Every structure is written in structure tokens, then in C-alpha cells.
Asks: 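Below you will find the structure I want to go over with you.
All values derive from a computational prediction rather than experimental measurement.
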Amino acid sequence: MTHPDENTPVNNTQPQDSSATTLDWREGDMPYSLAFGDHFYCQTDGRLECGHVFLAGNDLPDRWQAATGIFRIGELGFGTALNFCETWRQWKQTRPAGAKLHFISFELYPMKADEIDRALSRWPEVDAERQALIKLWPNNPQGQITLQLDEQTILTVVCGVAFDGIQASPDLFDAWYLDGFAPSRNPDMWSLEIMTALFDKTVQGGSFATYAAAGFVRRNLIAAGFTVERRKGFAGKREMLCGTKS
């Protein structure tokens, strides 16, 4: 997801309609959210951004080598499924025998299969993952969607308000991808309430990573209890944030 100036004030009113009217296409196959006035991924290269921010920011795939049971990744903002597909691709290359990945994402406006297909078509690197996901994706995505994608990989997408979904989750998470739209566009996704809920649902030693570096985001993560570290951002962005539940 690419993101404007995180501190620029904008109209944060969210439309009530969750239909396709919230989605537009820019520059061919670049999806753009009319609901939040933001692109879904980095215009430089969203797949490489995923690797830099979310995988490396959570010390993945290195941490998978010690996984013996289920490794759970939570994500704020499923969007085009790009983060999931790139994570699944790297998971398949590095996963130890017997370990399982459960990727659980929270999404207010789930895309339809043809929209996901179009958005991911620019990355041949995730063609296999895109095709497998599209084959199983429901025609009318709503509620809780759970897909068994292979013997070691499960995807769950919880459709609705993120805070409600996180609070209702029975699981504790090993890593978080904080990939909501930019804090200036969607501040509710970066609130102290959300960050505290994430902290409560994180295992001891669990981690988070995000492209966002806005001051209030960092302060909310610290106030929630996370140890927060600044790292170099992707594609010229000065900073990103990552950290752990110590």
C-alpha cells in the first residue's frame, strides 16, 4: 500500500456503502480506495515493500525455522491480498516440516475475486498464489472466510470493523502486519484502542511491523506496551516502525 503524508489532515468520514463503488482503478491496474483516498500498495513496487516492511520487519522468514506448531500472522487490511500472497510464496520456500501458517486478516471492504485478480496481475512472481486464492475466493465475501490453501497454510479473512474482529479472536498472534490505509486517511485503524487490542492478542516475544512512522502511531504503540524501533523505510521513505511484546 502506498501512503500520502501521514500527518496531512483530510476528511476521515467513512462511507456506509461497502460495495464496489469504494474502489477505483488508476494507471491501468492500480487499485485506489475512494473510501480512504489512498492507493492499496506502494506505487514503486508493493511486493518488494511487503518483503522489506512486513516480512523483514518481523524477522521473517528466519523466525519460521523455529516454528513447530502453528505460526499466526495477523494483518490489518487484507486489501488486494498482496501481502498474503508474497508471505505464502516465501513461506512455501522456507517452511519447516510439520509447521503451519495461519494468516488472519481483518478487512472492512473485501474485494471480489476479479478485483483481486486484476490487482495482483502485475506480479508474475505470485502468479501461483494468486490463481490458487482466486479459485477458492467466495463470490460474495462477507463474515469470516477461512480457506485451506495447502497442507501447511490457512488463510482467514474477517470482514468487518477491525477492532471488533480482533477483540473476538480466540487466537494469540506471533506477528502483525499493520497495513491499514495511511494514518492521515484512516486514523481509527491506528488508535490506542486498536493498538492495545493488538498487544493483548500478541504472544510474549511476538512482533509487529508497519510502513507508518507518524508520531501518534509510535506513541500509541508504546502506550499499548510494545517496544518500538525505527528502521529505514522502503523506496526512499525515511522511516518505518517495528517492535516486540517483550
Asks: To check you understand the geometry: which heavy-atom pair defines the closest contact between Pro110 and Pro141, and what is its length?
Replies: CG-O, 3.5 Å
Asks: Is Lys92 positioned over the aromatic face of Trp88, cation under 6.0 angstrom from the ring centre and no more than 45 degrees off axis?
Replies: yes
Asks: Is any side-chain heavy atom of Leu76 less than 4.5 Å from a side-chain heavy atom of Ile166?
Replies: yes
Asks: Run the side chain to side chain contact (heavy atoms under 4.5 Å, CB included) check on Ile116 and Thr80 step by step: do they pass?
Replies: CA-CA 5 Å; Ile116 293 175; Thr80 65; 5.6 Å; no
Asks: Show the numbers, then the answer: is there a ring pair (Phe, Tyr, Trp, His ring centres under 6.0 Å) between Phe78 and Tyr177?
Replies: CA-CA 10 Å; Phe78 187 64; Tyr177 293 4; over 10 Å; no
Asks: Should Thr87 and Arg89 count as side-chain neighbours, where that means a heavy-atom distance under 4.5 Å?
Replies: no
Asks: Kindly determine whether Asp188 and Phe163 satisfy side chain to side chain contact (heavy atoms under 4.5 Å, CB included), including the steps that lead there.
Replies: CA-CA 9 Å; Asp188 289 349; Phe163 179 73; over 6 Å; no
Asks: Given 3.5 Å as the limit, does a donor-acceptor pair link the side chain of Gln152 with the main chain of Pro96, or not?
Replies: yes
Asks: Decide yes or no for Cys242 and Asn58: does some side-chain heavy atom of the first lie under 4.5 Å from some side-chain heavy atom of the second?
Replies: no
Asks: Does the distance from a Lys or Arg side-chain N to an Asp or Glu carboxylate O, for Asp117 and Arg130, drop under 4.0 Å?
Replies: yes
Asks: Salt bridge check, Glu86 against Arg47: does any charged N sit closer than 4.0 Å to a carboxylate O?
Replies: yes
Asks: side-chain hydrogen bond (donor to acceptor under 3.5 Å, both in side chains), that's the test. Do Trp176 and Ser207 meet it? Break it down for me.
Replies: CA-CA 6 Å; Trp176 285 98; Ser207 63; over 6 Å; no
Asks: Indicate yes or no: at least one non-hydrogen side-chain atom of Glu75 is less than 4.5 angstrom from one of Asn83.
Replies: yes
Asks: Could you check whether any side-chain N or O of Glu107 sits under 3.5 Å from a backbone N or O of Gly79, counting only pairs where one atom can act as donor and the other as acceptor?
Replies: yes
Asks: Where is the tightest heavy-atom contact between Lys100 and Trp91, given as atom of each residue plus distance?
Replies: C-CZ2, 3.6 Å
Asks: Within the 4.5 Å heavy-atom criterion, are Leu221 and Leu178 side-chain neighbours or not?
Replies: yes
Asks: Hey, is CD on Gln148 packed in by over 12 heavy atoms from elsewhere, all under 6.0 Å?
Replies: yes
Asks: After noting the C-alpha distance and the side-chain angles of Ser105 and Val158, does the key distance pass the side chain to side chain contact (heavy atoms under 4.5 Å, CB included) rule?
Replies: CA-CA 6 Å; Ser105 190; Val158 181; over 6 Å; no
Asks: What pair of heavy atoms forms the shortest contact from Val53 to Ala209, and how long is it?
Replies: O-CB, 3.3 Å
Asks: How far apart are the closest heavy atoms of Leu192 and Asn220, and which atoms are they?
Replies: N-ND2, 3.3 Å
Asks: So, applying salt bridge (charged side-chain N to carboxylate O under 4.0 Å, His left out) with Glu239, which one of Arg218, Lys232, Arg231, Arg230 is it?
Replies: Arg230
Asks: Going by an N to O cut-off under 4.0 Å, is there a salt bridge joining Arg72 and Asp174?
Replies: no
Asks: Could you pull out the closest heavy-atom pair between Ile104 and Asp171, with the gap in Å?
Replies: CD1-OD2, 3.6 Å
Asks: Determine whether Thr210 and Trp190 satisfy the following criterion, side chain to side chain contact (heavy atoms under 4.5 Å, CB included), listing intermediate values before the conclusion.
Replies: CA-CA 11 Å; Thr210 179; Trp190 308 90; 3.3 Å; yes
Asks: Using the test ring pair (Phe, Tyr, Trp, His ring centres under 6.0 Å), find all partners of Phe226 that sit at least two apart in sequence or belong to another chain.
Replies: Phe199, Phe208
Asks: Which heavy-atom pair separates Val217 from Pro183 by the least distance, and what is that distance?
Replies: CG2-CG, 3.7 Å
Asks: Taking salt bridge (charged side-chain N to carboxylate O under 4.0 Å, His left out) as the test, write out the residues that go with Asp150, two or more places apart.
Replies: Arg95
Asks: Within the 4.5 Å heavy-atom criterion, are Phe84 and Thr153 side-chain neighbours or not?
Replies: yes
Asks: Could you give the distance from SG (Cys85) to CD1 (Ile134), rounded to the nearest 0.5 Å?
Replies: 7.5 Å
Asks: Would you say that Ile154 contacts Leu147 through its side chain, given a criterion of any heavy-atom pair below 4.5 Å between the two side chains?
Replies: no
Asks: Can you check whether Leu82's main-chain N or O pairs, donor with acceptor, with Glu129's side chain at less than 3.5 Å?
Replies: no
Asks: For the pair Ser121 (side chain) and Arg118 (backbone), establish whether a donor and an acceptor sit closer than 3.5 Å, ignoring hydrogens and angles.
Replies: yes
Asks: Does the side chain of Leu60 reach to within under 4.5 Å of the side chain of Gln90, using non-hydrogen atoms?
Replies: no
